[in-house]
Amino acid sequence: MSNLQIAKILRQVAASYAIKNEAKYRFQIIAYQRAADAIEGSNLEIEELFKENKLEFLPGVGPSIRAHLEDLLTKGKVKHFEWVMFGVPKSVYPLLDVPTFGPKKAYRLVKEFSLQDPKSVISDIEKLAKQGKIAKLEGFGEKSQEDILRAISEFRLGIGKTSRMVLPYAFEAAEKLVGYLKASQHVVKAVPLGSLRRMMSTVGDIDIAVATNKPKDVISHFVSYPYKERIIEKGEATASILVSGGRQIDLMTQAPQGFGSLLQHFTGSKNHNIHLREYALSKGLSLSEYGIKKKTKSGKSTMVQVPTEEEFYQKLNMTWIPPELREDKGEIELAISHKLPKLVEQTDIKGDLHIHSSFAIDPSHDLGKNSIEEMVSQAKKLKYEYIGLSEHNPSISKHNSGQIYSLIARRNENIEQIKSSTKNIRIFKLLEIDILSNGKLAVDHKSLSILDGAIVSIHSSFAMSRDKMTKRVIHGLSHPKAKILAHPTGRLINQRVGYELDFDKIFDFCKKNNKALEINSWPTRLDLPDTLIMEAVKNNIKLVVNTDSHAVWQMDLMKYGVAMARRGWAKKNDILNTLGYNDFNEWLKM
DNA sequence: GCCGTTTTCGGCCCGACTGTTTTCAGTCG
């Protein structure tokens, strides 16, 4: 059962509680929703966590829900869930997927019109709305009837449910909008926040905060955005629009002197904010996007505004928390005790080791677009100390091992020539080598011996059992020259989930044998994912941040890999390519 | 039902916006 399916069931339980007695089950509803959020947002498969007895490490899943999940995954049903859902027509649940429908509205309409069939309930409601029957109900009207019709039609078109954007695309979209907003003279500052600022690997909505003394003017400028499809809502301080492609953009405004609290609020994450606000409450403070409210002895409350985010956290006696950490994974406690780790920064990176040039090595996979010289020259521009050339190995179906050897040797000679005429940068002779389905490398020992090291990776036969795949990878990493496992999960964001690996075993092997895992910066890879980076860091596994560049411009993607490292709480000393040339070279030989 | 830098009991974030309403319910972030 997938994470999404499990989360959906938990949301149905929450909705059922809400339908039965919202007041009575208020906290159960929150608990089930929070558990659903946690499961949906986890990159790790719940089914696997369950098998490994690690469900308890999932925040928001306590003893009760954990026991229910165990029943769900072993028996396929849960007595307690059946009890909660008893009496709620099954036709309520499909409606919950349609925006603007919550448990109350869905239940009300299902009951009012005796709609029993979950398969047809959405079109049944659409028909009723078209017949004007919904507007006649008490509490409904023409406008809500129209809203329902639009929501259903947009739901059918997939608007709002479109796949989440990869980071660079989201940056581009946000930049375009910020540029447009800044054309208004009333905009003092405009900053993209939300998951984009936290550098999540994918971004759903684009959130933008504006500092202004004229919120009304800014909002009317915002909703006149030329690429707008429609206005979702428009108020005194905030507004939301839908742009082409079905993407939502949310805007919040705040006076410049209170902008710090808006930055904090709108950056999130939701769970970070909830935890922070609960902590503040225990100190007698109430937090919101407007500032910090303090109750005085007379019972009145005063509001303190803060212009910067640093001051916001400072007023709570906490260290400022980097946005990448704001996921409620322990950062608040550490900020209170001023013990947050110092995260790795892009300027710490001394070299990029996963570089594909256009050298005619006749590779098994795609060749780079630019020459070795061009890639090296770009590395110099980026102020790197070293670069690793790591084209794919020569195709094994087209060449025998002797031919493979001479292709690699020719590339090495080419590198040597460039080395002799190049100053201020060192070059490693690497290669990205396929781990074949039997675990052997696609290049033999003799060819490996003329390399400084090898990056190994999986590019075929993805559908393998977890056990077999783990053995395959470990076998591939066993050669002394194989030092780095590239894009370890094989995932492609929005395209495929990747293969299954037992990371406990991989970590163990890497630690004992001085191997490193790659954090691949390619926007649709971002692999390792942040949650696994966090695990790796906890286990003291060495990591390398690479771009996997196939062209000069792609070497700028390093920032995304570093962002993932930071989201995984990696410090400078967790990342091997922050080492100077000599130290890195030493490690390669280990 | 979850959770712990005042707590293993007793709390539980805070607000915007819309539609249908003369004061609020529902949904959303």
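All chains are named by letter (A, B, ...) in the order of the sequence lines, taking the proteins before the strands, and each is independently numbered beginning at 1. Side chains included, hydrogens not; waters and symmetry mates left out as well; all remaining heavy atoms used.
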So does A/Lys104 get a side-chain nitrogen or oxygen closer than 4.0 Å to the phosphate oxygens (OP1/OP2) of B/dC24?
-> no
Looking at the side chain of A/Ala31, which of B/dG19, B/dC2, B/dC13 is the nearest nucleotide?
-> B/dC2
Identify whether any heavy atom of A/Gly194 sits under 4.0 Å from a base atom; if not, whether one sits that close to sugar-phosphate; answer base, sugar-phosphate or nothing.
-> nothing
Are A/Lys105 and B/dA25 close enough that a side-chain N or O sits under 4.0 Å from OP1 or OP2?
-> no
Count the heavy atoms of every other residue, nucleotide or ligand shown that sit under 6.0 Å from CZ of A/Arg26, and state whether that count exceeds 12.
-> no
Measure from the side chain of A/Gln28, starting at C-beta and using heavy atoms only, and say which of B/dG15, B/dC12, B/dG1 lies closest.
-> B/dG1
For B/dT7, decide between syn and anti, treating a glycosidic angle within 90° of 0 as syn.
-> syn
To the nearest 0.5 Å, tell me how far A/His275 NE2 sits from A/Arg326 CZ.
-> 14.5 Å
Give the nucleotide from the list B/dC17, B/dG1, B/dG19 with an atom nearest to the side chain of A/Glu236.
-> B/dC17
Inter-nucleotide C1' distance (B/dC2, B/dC13), Å rounded = 15 Å
B/dG10 pairs with which nucleotide, Watson-Crick or G-U wobble, both distances below 3.5 Å?
-> B/dC3
Describe the nucleic acid contact of A/Ile30 in one word from base, sugar-phosphate, nothing, applying a heavy-atom distance below 4.0 Å.
-> nothing
Proximal nucleotide (of B/dG29, B/dC17, B/dG1) relative to the A/Asp205 side chain | B/dG29
Hey, does the side chain of A/Tyr290 come within less than 4.0 Å of B/dA16's phosphate (OP1/OP2), counting only N and O?
-> yes
Describe, in one word, how the ring planes of A/His68 and A/His80 are oriented to each other, choosing from parallel (under 30°), tilted (30 to 60°) and perpendicular (over 60°).
-> parallel
Pick the nucleotide of DNA chain B nearest each of A/Ser282 and A/Phe266; which residue has the one closer to the 5' end?
-> A/Ser282
Between B/dG11 and B/dT6 - P atom distance, rounded Å | 16 Å
So, do A/Phe27 and B/dC12 meet the stacking rule of ring centres under 5.5 Å and planes under 30°?
-> yes
Which whole-number value in Å describes the distance from A/Lys283 NZ to B/dC12 P?
-> 16 Å
Side chain of A/Arg34 only, please: which of B/dC13, B/dG15, B/dG1 is the nearest?
-> B/dC13
Kindly point out which of B/dC13, B/dC17, B/dC2 is positioned nearest to the side chain of A/Arg277?
-> B/dC13
Looking only at side-chain atoms of A/Ser144, point me to the closest of B/dC14, B/dC17, B/dT20.
-> B/dT20
Does a side-chain N or O from A/Thr100 land closer than 4.0 Å to OP1 or OP2 of B/dT27, or not?
-> no
Taking the six-membered ring for Trp, are A/Tyr17 and A/Tyr32 parallel (under 30°), tilted (30 to 60°) or perpendicular (over 60°)?
-> tilted
Is the NZ or CZ atom of A/Lys176 positioned over A/Tyr227's six-membered ring, under 6.0 angstrom from the centre and within 45° of the axis?
-> yes
Is there a side-chain polar atom (N or O) of A/His80 under 4.0 Å from OP1 or OP2 of B/dG1?
-> yes
Residue A/Glu22, side-chain heavy atoms: nucleotide from B/dG26, B/dC13, B/dG29 that is nearest | B/dG26
Do the side chain of A/Asn213 and the main chain of A/Ala255 share a donor and acceptor less than 3.5 angstrom apart?
-> no
What interatomic distance, in whole Å, is found between C1' of B/dG1 and the corresponding atom of B/dT8?
-> 15 Å
Rounded to whole angstrom, note down the P distance from B/dC12 over to B/dT20.
-> 34 Å
Pairwise C1' distance for B/dC17 and B/dG10, with rounding to whole Å = 33 Å
